[in-house]
Amino acid sequence: MPELPEVETIANGLHKRVAGERIESVWVGNKPEPLKSSAAEIARTLEGARVDGVRRVGKHIVFDLQQGNRNGRGQTVSQWIVHLGMTGRMLVAAPDTEIPKHTHLIARLASGRELRFVDPRRFGRLEVRHSGFNGPGAEPLTISAEDFAHLFRKRAAPIKALLLNQSLLHGVGNIYADESLFRAGVRPRRRANTLTRTELARLHVAVREVLKEAIAAGGSSVSDYVDADGEEGLFQLQHRAYGREGQPCLVCKTKIKKIVVAGRGTHYCPRCQK
DNA sequence: ATACCGACCTGTCAGC
DNA sequence: TGCTGACAGGTCGGTA
């Protein structure tokens with residue numbers, strides 16, 4: 001479900017709510033799919049740790065943890081890394097509230113509240129690490145125009161497939177790939193190595209603008225996305241391509257087309273995008 | 001090395 | 001009402 005803007009919104013909300021909290025105990029469910037580290041290692045790493053902060057890296061939520069006594073030596077730093085997949089949620093809840101179906105982890109906090117990971121489709125992943133995590137690819141919000149162009153210049157795959165490839169650029173998913181290509185005026189099926197310098201430059205700007213505007217709007221709520229406070233995002237109201245098949249292009253009135261690229265539903269304007 | 005495609009899961013919705 | 005199939009914001013592994 002969530003792409004960079006949604007994960008950023010969620011991570012910021014979680015940071016506000018749980019930074020500085022200590023995790024007292026952890027319950028891990030028995031479904032193996034969400035666990036990239038063993039249940040025992042996750043529990044061992046989280047229990048007793050203090051949450052220094054919560055941030056986003058690519059589409060991952062990173063909880064920076066510190067174990068051990070507050071000021072003494074012997075402190076170790078770890079990270080709890082959460083990927084929400086398509087349907088994952090990370091909720092901060094009062095302990096007496098109903099535990100939703102498909103809850104796979106509960107971290108009980110010193111304040112009495114609980115951090116709950118809920119994921120019906122189990123495409124999400126939970127992992128702990130003991131060394132720095134930088135994500136699989138480059139950060140779209142900070143990459144230079146030159147480095148951005150380098151990622152794509154020599155590749156033969158459709159540009160949309162490469163925008164979705166997290167080991168190149170991490171954070172862009174299906175919605176923001178379509179929205180970025182629309183703004184850049186580039187067709188999703190164009191082979192990346194046929195894009196001109198100008199088109200790559202436009203795409204670089206488009207990706208950053210789309211992501212920044214979406215973050216400002218709190219992300220896109222297409223079906224059920226809500227942030228850490230249970231608020232829906234508003235960026236779906238500003239989509240120009242995604243989900244608009246058959247509707248008139250907002251620029252030229254041509255009907256938006258829907259095709260499949262890289263196995264994903266793909267929306268574009270046949271007139272504005274070349 | 002690179003690119004495509006099915007598999008992984010559950011929920012929802014359209015169509016019959 | 002209830003069934004079936006398609007589809008969904010993501011990624012991985014096998015195959016060509």
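Every value quoted in this text rests on a predicted model; they were computed, and no experiment measured them. Below, chain A is the first sequence line, B the second, and so on; all start at residue 1.
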Checklist line | Stretch residues 116-123 of chain A: residues that reach within less than 4.0 Å of DNA chain C through a heavy atom | finding: A/R121, A/F123
Checklist line | A/H267 and A/Q247: CA distance, side-chain angles, deciding distance, side chain to side chain donor-acceptor pair (under 3.5 Å) verdict | finding: CA-CA 11 Å; A/H267 315 73; A/Q247 298 178 51; over 6 Å; no
Margin query: Is A/K258 close enough to C/dA8 that one of its side-chain N or O atoms is under 4.0 Å from OP1 or OP2 there?
Written below: yes
Check: Going from CZ on A/R125 to NE2 on A/H104, what distance comes out if it is rounded to the nearest 0.5 angstrom?
Finding: 10.0 Å
Next item on the list: Starting from C1' on C/dC7, measure out to CD1 on A/I259 and report it in whole angstrom.
Entry: 17 Å
Next item on the list: Write down the distance between CE (A/M86) and P (C/dG9), rounded to a whole number of angstrom.
Entry: 5 Å
Checklist line | Pairwise distance CD(A/Q79) to CD1(A/I61) - rounded to 0.5 angstrom | finding: 13.5 Å
Note to self: Less than 4.0 angstrom from a charged side-chain N to a carboxylate O is my criterion; do A/R129 and A/E127 meet it?
What the structure shows: yes
Checklist line | Short side-chain N/O contact to B/dG11 OP1/OP2 from A/H102, under 4.0 Å | finding: yes
Margin query: Tell me the interatomic distance from A/R125, atom CZ, to B/dC8, atom C1', rounded to whole angstroms.
Written below: 8 Å
Next item on the list: Go through B/dA3, C/dT11, C/dA8 for me and flag the one nearest to the A/K59 side chain.
Entry: C/dT11
Check: Taking CD from A/Q166 and P from C/dT11, how many angstroms apart are they, rounded to a whole number?
Finding: 4 Å
Check: Do you know the tightest heavy-atom contact between A/G88 and A/F117?
Finding: CA-CE1, 4.4 Å
Note to self: Once you apply a heavy-atom cut-off of 4.0 Å, does A/A161 come out as touching a base, just sugar-phosphate, or nothing?
What the structure shows: nothing
Notebook entry, point to check: Given atom CG of A/L126 and atom C1' of C/dG10, what is their separation to the nearest angstrom?
Noted result: 15 Å
Notebook entry, point to check: Which atoms form the tightest heavy-atom contact between A/D64 and A/R55, and what is the distance?
Noted result: OD2-NE, 2.7 Å
Item checked: Secondary structure string for DNA chain C (Watson-Crick or G-U under 3.5 angstrom, | for other-strand pairs) -> .|||||||.|||||||
Margin query: Within the structure provided, determine whether A/V51 and A/L14 are in side-chain contact (heavy-atom separation under 4.5 Å).
Written below: no
Next item on the list: Measure from CG on A/L162 to C1' on B/dA3 and round the result to the nearest Å.
Entry: 10 Å
Notebook entry, point to check: What is the distance, rounded to the nearest whole Å, between atom CG of A/L84 and atom P of C/dT11?
Noted result: 10 Å
Item checked: Nearest listed nucleotide, side chain of A/E33, among B/dC9, C/dG10, B/dA3 -> B/dC9
Margin query: What contact category does A/K31 fall into here, base, sugar-phosphate, or nothing, at under 4.0 angstrom with non-hydrogen atoms?
Written below: nothing
Note to self: Any base atoms under 4.0 Å from A/G173, or only sugar-phosphate, or nothing? Heavy atoms, all strands.
What the structure shows: sugar-phosphate
Check: For the atom pair OH (A/Y176) and CG (A/L211), what is the distance rounded to the nearest 0.5 Å?
Finding: 7.5 Å
Notebook entry, point to check: Of A/V207, A/L162, A/N165, A/L4, which is the lone residue that meets side-chain contact (heavy atoms from CB on, under 4.5 Å) with A/V172?
Noted result: A/V207
Item checked: For atom NE2 of A/H83 and atom P of B/dC8, their distance in whole Å -> 19 Å
Checklist line | Separation between the C1' atoms of B/dA3 and C/dG9, rounded to whole Å | finding: 23 Å
Next item on the list: Can you label the angle between the A/H60 ring and the A/F133 ring as parallel, tilted or perpendicular, going by 30° and 60°?
Entry: perpendicular
Notebook entry, point to check: For C/dA8, does either OP1 or OP2 sit under 4.0 Å from a side-chain N or O belonging to A/R264?
Noted result: no
Next item on the list: Please measure how far the P atom in C/dA6 lies from the corresponding atom in B/dG6, and state the result in whole Å.
Entry: 12 Å
Margin query: Could you tell me how far C/dG5 sits from B/dA7 if I compare only their P atoms? Round to whole Å.
Written below: 15 Å
Next item on the list: Examine C/dG9: is either OP1 or OP2 under 4.0 Å from a nitrogen or oxygen in the side chain of A/Y242? Give yes or no.
Entry: yes
